[in-house]
Amino acid sequence: MDTRVLELFGSGNGHCSASQSSASNVKPGNGHGVSLRKSCTKNNKKSKTRFSRNFKPSNNTPYLPPEAEEGNIEYKLKLVNPTQYRFEHLATQMKWRLQEGRGEAVYQIGVEDNGMLVGLSEEDMRASLKTLHRLAEKVGADITVLREQEVDYDLDVPRKIAEVLIRKVPDDQQFLDLRVAVLGNVDSGKSTLLGVLTQGELDNGRGRARLNLFRHLHEIQTGRTSSISFEILGFNSKGEVVNYSESRTAEEICESASKMITFIDLAGHHKYLKTTIFGLTSYCPDFAMLVVSANTGIAGTTREHLGLAMALKVPIFIVISKIDLCTRGTVERTVRQLERVLKQPGCNKVPMVVGSTDDAVTAAQQFAQSPNITPIFTVSSVSGESLDLLKVFFNIIPPLSNSKEQEELMQQLTEFQVDEIYTVPEVGTVVGGTLYSGICREGDQLVVGPTDSGQFHKLTVGSIQRNRSGCRVLRAGQAATLALGDFDRSLLRKGMVMVSPEMDPTICWMFEAEIVLLFHAKTFHKGFQVTVHIGNVRQTATVEAVYGKEELRTGEKAVVLFKFIKHPEYLKVGAKVLFREGVTKGIGHVTKLQPIAHDIECQDTQNT
């Protein structure tokens with residue numbers, strides 16, 4: 001999809017190719033993003049052909065792109081009194097679209113399969129929505145009308161098109177789970193914003209809302225996050241918010257939610273940068289939310305966090321907080337400052353300022369389809385201004401991976417990345433992390449490693465918890481905590497993997513990576529030591545060789561041989577590499593491993 005594509009309908013399903021400069025700004029807010037003229041009907045035949053690159057957005061056309069067979073978007077002209085056979089066929093079709101969207105589907109009513117926006121009369125629209133409601137009931141889903149729009153054909157009877165969200169009621173805890181990493185400079189209001197969203201109560205202007213998010217006493221005393229914490233925001237099948245304002249526990253939220261947003265609250269202060277990078281690389285966030293304070297603008301680590309998200313190819317959207325402290329002019333100046341940064345050649349993003357519910361719907365769907373679209377929200381955690389737009393955005397935003405990719409990952413052998421290790425009274429050793437591939441069940445026999453000597457130890461998975469509530473089966477891409485009973489905690493560390501015994505894990509001391517040096521004060525050469533981040537692996541490594549060059553300077557590329565200095569690690573070819581040391585920063589990917597032999601040892605303990 002072209003970086004400067006704007007959607008015709010504003011639904012994220014159609015687009016018009018526009019020869020705009022990269023400095024173009026997406027300003028939605030005119031309903032569905034299309035105002036249909038009567039002249040359009042005269043050119044229906046012409047508009048079936050592809051538009052030239054010189055097509056201007058002002059020459060609107062009543063067409064969306066033709067309906068795709070795959071994906072979770074379905075076009076329907078009308079659904080008035082279908083026969084029983086047709087009804088069964090439509091129900092099967094809805095199940096397929098829900099499966100493609102992992103529990104979510106979007107129906108465009110009043111649109112032909114070729115994308116023409118025909119529209120329906122009030123009576124036909126009412127009947128079609130009634131049929132859609134019956135279909136949703138049959139497959140165990142709920143419907144929410146996102147928006148309706150009149151199409152102007154200068155006819156006596158006004159005609160409408162409607163966009164409807166179908167969401168499957170959760171069955172056996174199979175809610176849709178999206179992870180959002182929260183980035184931004186220190187004191188930009190990240191934890192306060194999350195506190196307001198997840199607790200359902202506005203802040204008092206002095207940080208009351210963030211107190212529930214802090215994990216350490218020094219965080220409460222300084223008001224600064226230094227560790228990674230997780231908060232959840234749920235949406236039920238009707239699109240209503242489910243948070244701690246109505247539910248006492250996380251388990252209650254999980255029971256009533258069909259979609260869950262897990263916020264990964266990261267540190268903003270520069271001295272906790274390694275923690276922030278670890279959160280971005282190991283927890284595999286689907287999206288990143290960059291919080292910018294309206295009164296300070298782009299300051300401190302804001303640019304660095306934006307660069308990290310882009311280097312790791314995490315789609316990013318921006319929330320400007322604390323607008324209650326500033327004049328309208330100051331807020332607009334911060335917005336313009338962000339727009340300038342986003343449009344720079346290094347970013348090549350298309351900013352999209354969200355000012356209404358309609359904009360939020362458009363932003364959510366365009367954002368998922370084109371990584372270059374960057375929605376910008378302006379909110380206040382004290383007055384609550386525009387927080388509802390942010391909730392609409394979270395409600396509608398679809399998952400990046402489809403059901404087919406999910407199934408392919410689930411068919412592979414089990415691989416669980418260890419990110420956190422705890423000791424819980426009466427439970428024993430507990431590990432937290434993400435299941436990268438396969439399926440994990442209670443009672444599964446796995447091996448964990450590598451140890452300092454490159455060995456793997458056998459263990460048995462006890463109970464499993466997702467979002468603080470019990471879970472019997474863990475599927476690829478899901479984050480969870482696993483109880484390991486009385487397994488010796490001293491044998492575990494962050495960066496380890498728990499894999500199926502049938503897998504032959506590749507562990508190595510040395511690996512080659514193709515890198516780009518983003519910044520270095522002098523020259524980068526053999527013998528230089530850097531902290532390497534690869535997924536959940538974080539360790540100091542020495543540069544053993546720079547192939548083809550004696551040394552590297554800022555902006556140069558090369559294949560480099562790294563060697564870990566403490567213990568071997570489990571790596572994969574193609575994994576993203578991010579390294580740093582002081583002001584030195586670089587990115588790249590693993591191209592070759594130098595594996596070492598390893599064996600599996602059985603620990604002499606009985607795991608429960």
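Worth knowing before you read on, the calculation uses all heavy atoms, side chains too, and leaves out hydrogens, waters and symmetry mates. For the single chain, residues carry numbers from 1 onward in sequence order.
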I'd like to know if the side chain of [X] reaches the main chain of [Y], judged simply by a donor and an acceptor atom lying under 3.5 Å from each other, with no hydrogens or angles considered.
{"X": "H305", "Y": "G184", "answer": "yes"}
{"X": "T302", "Y": "A299", "answer": "yes"}
{"X": "N243", "Y": "G234", "answer": "no"}
{"X": "N372", "Y": "N348", "answer": "yes"}
{"X": "K322", "Y": "V292", "answer": "no"}
{"X": "S258", "Y": "S237", "answer": "yes"}
{"X": "E100", "Y": "N72", "answer": "no"}
{"X": "S282", "Y": "G535", "answer": "no"}
{"X": "Q478", "Y": "R475", "answer": "yes"}
{"X": "S188", "Y": "N185", "answer": "yes"}

Check: Without hydrogens or angle criteria, can the side chains of T362 and D359 be said to hold a donor-acceptor pair below 3.5 Å?
Finding: no
Margin query: Could you tell me if N536 and T281 have a donor-acceptor pair between their side chains, going purely by distance under 3.5 Å?
Written below: no
Review item, side-chain donor-acceptor pairs of residues 383-390, under 3.5 Å, at least two apart:
residue	atom	partner	partner atom	Å
S383	OG	S380	OG	3.1
S383	OG	E385	N	3.4
S386	OG	T378	O	3.2

Check: Do the ring centers of F235 and F394 come within less than 6.0 Å of each other?
Finding: no
Next item on the list: Assert yes or no for the condition that the ring centre distance of F287 to F263 is strictly below 6.0 Å.
Entry: no
Next item on the list: Could you note down all residue pairs passing salt bridge (charged side-chain N to carboxylate O under 4.0 Å, His left out) where residues 278-292 supplies at least one of them, sequence neighbours left out?
Entry: none
Item checked: salt bridge (charged side-chain N to carboxylate O under 4.0 Å, His left out) contacts touching residues 296-313 (sequence neighbours left out) -> E304-K585
Next item on the list: Let me know which of R97, R167, K168 forms a salt bridge (charged side-chain N to carboxylate O under 4.0 Å, His left out) with E104.
Entry: R167
Distance check, rounded to the nearest 0.5 Å: [X] atom [atom1] versus [Y] atom [atom2]?
{"X": "Y107", "Y": "L129", "atom1": "OH", "atom2": "CG", "result": "13.0 Å"}
{"X": "I264", "Y": "R179", "atom1": "CD1", "atom2": "CZ", "result": "6.5 Å"}
{"X": "I232", "Y": "I261", "atom1": "CD1", "atom2": "CD1", "result": "11.0 Å"}
{"X": "L183", "Y": "I316", "atom1": "CG", "atom2": "CD1", "result": "6.0 Å"}
{"X": "I376", "Y": "T334", "atom1": "CD1", "atom2": "OG1", "result": "10.5 Å"}
{"X": "K349", "Y": "T374", "atom1": "NZ", "atom2": "OG1", "result": "4.5 Å"}

Next item on the list: Only counting residues at least two apart or in another chain, list the ones meeting side chain to side chain donor-acceptor pair (under 3.5 Å) with Q417.
Entry: none
Next item on the list: Would you please classify the geometry between the F377 ring and the F317 ring as parallel, tilted or perpendicular, with 30° and 60° separating the classes?
Entry: perpendicular
Check: Between F278 and Y283, how do the two ring planes meet: parallel, tilted or perpendicular, split at 30° and 60°?
Finding: perpendicular
Check: With sequence neighbours left out, what residues match C326 under side chain to side chain contact (heavy atoms under 4.5 Å, CB included)?
Finding: A294, N295, T330, V331
Checklist line | Residues which pass salt bridge (Lys or Arg N to Asp or Glu O under 4.0 Å) with K274, listed by chain and number, not counting sequence neighbours | finding: none
Checklist line | Side-chain heavy-atom pair M94, I166 within 4.5 angstrom cut-off | finding: yes
